[in-house]
Q: 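Dropping a structure here in structure tokens format, bear with me for questions.
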Amino acid sequence: TKKGELCSECGGARINEIGRNIRLNGKNIFEACLLTAPLLAGFLRSLEFDKRRSSIAGPIVNELLTKLSTLVDTGLDYISLNRDCATLSG
């Protein structure tokens with residue numbers, strides 16, 4: 001695609017079809033990354049897993065929550081996670 005144009009297949013998600021179709025509580029990873037750190041943390045805390053899935057997802061969710069907390073603590077809680085690094089200053 002040309003610079004500035006959205007991909008007709010992924011709609012700008014930059015994630016393949018398989019990744020776009022994996023959902024947790026109705027959101028795929030692209031949709032989750034549109035959220036700010038506090039909203040994503042709330043979304044992650046709302047997830048419920050059975051015992052088997054919890055043993056797999058629990059450590060991942062905890063690691064994500066730790067990283068999101070760092071964003072909030074450093075004052076970056078207002079940006080969405082899909083933001084291109086080149087758009088950040090400082």
Side-chain angles (χ1 to χ4, degrees):
T1 62
K2 293 180 186 175
K3 187 172 183 164
E5 284 184 15
L6 292 181
C7 170
S8 61
E9 278 191 44
C10 72
R14 299 180 304 221
I15 300 171
N16 69 26
E17 183 178 4
I18 294 170
R20 292 190 313 271
N21 286 310
I22 297 171
R23 295 186 171 274
L24 290 173
N25 281 9
K27 291 190 186 313
N28 64 29
I29 191 169
F30 174 70
E31 294 161 338
C33 286
L34 294 174
L35 301 173
T36 61
L39 291 175
L40 182 56
F43 172 74
L44 292 172
R45 286 188 192 99
S46 76
L47 297 175
E48 294 181 7
F49 300 102
D50 61 31
K51 186 176 180 178
R52 182 175 88 59
R53 288 187 173 95
S54 182
S55 68
I56 298 167
I60 297 166
V61 169
N62 288 337
E63 181 68 22
L64 288 169
L65 289 170
T66 297
K67 292 183 184 307
L68 292 169
S69 177
T70 300
L71 288 174
V72 171
D73 293 345
T74 56
L76 297 174
D77 55 324
Y78 62 93
I79 63 170
S80 61
L81 300 177
N82 71 329
R83 189 156 165 186
D84 191 313
C85 289
T87 67
L88 301 173
S89 63

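Owing to the predicted nature of the structure, the values given are computational and were not obtained by experimental measurement. Numbering of residues begins at 1 and proceeds along the displayed sequence.
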Q: Test of understanding: with side-chain contact (heavy atoms from CB on, under 4.5 Å), list the residues that count as partners of E48, not counting sequence neighbours.
A: none
Q: Using the rule that two of Ile, Leu, Val, Met, Phe, Trp, Tyr join whenever any of their side-chain heavy atoms come within less than 4.5 Å, decide whether I22 and V61 are in one cluster.
A: no
Q: Do the side chains of L34 and L40 join up, straight or via other hydrophobic residues, at under 4.5 Å, putting them in one cluster?
A: no
Q: So how far is it from L35 CG to L81 CG, rounded to the nearest 0.5 Å?
A: 7.5 Å
Q: Return yes if some donor-acceptor pair links the side-chain N/O of E63 with the main-chain N/O of I60 below 3.5 Å, else return no.
A: no
Q: What do you reckon, is CZ of R23 surrounded by more than 12 foreign heavy atoms closer than 6.0 Å?
A: yes
Q: Using side-chain contact (heavy atoms from CB on, under 4.5 Å) as the criterion, list what pairs up with L47, not counting sequence neighbours.
A: L24, N25, F43, L44, F49
Q: Supply the atom-to-atom distance R20 CZ to E31 CD, rounded to the nearest 0.5 angstrom.
A: 10.5 Å
Q: So do I29 and C33 actually touch side chain to side chain, heavy atoms under 4.5 Å?
A: yes
Q: Locate the shortest heavy-atom distance separating S54 from P59; write the atom from each residue and the value.
A: O-CD, 4.0 Å
Q: Are the side chain of D77 and the backbone N or O of V72 linked by a donor-acceptor pair below 3.5 Å?
A: no
Q: Measure the spacing between OG1 of T66 and CG of L71 and express it to the nearest 0.5 Å.
A: 11.5 Å
Q: Does the S69 side chain pair with the main chain of L65, one donor and one acceptor, at a distance under 3.5 Å?
A: no
Q: Tell me whether I56 at atom CD1 has more than 12 heavy atoms from other residues, nucleotides or ligands lying less than 6.0 Å away.
A: yes
Q: Under a single-linkage definition using a 4.5 Å side-chain heavy-atom cutoff for Ile, Leu, Val, Met, Phe, Trp and Tyr, are L76 and L64 assigned to the same hydrophobic cluster?
A: yes
Q: Can you see which heavy atom on I15 is nearest to which on C10, and at what distance?
A: O-CB, 3.8 Å
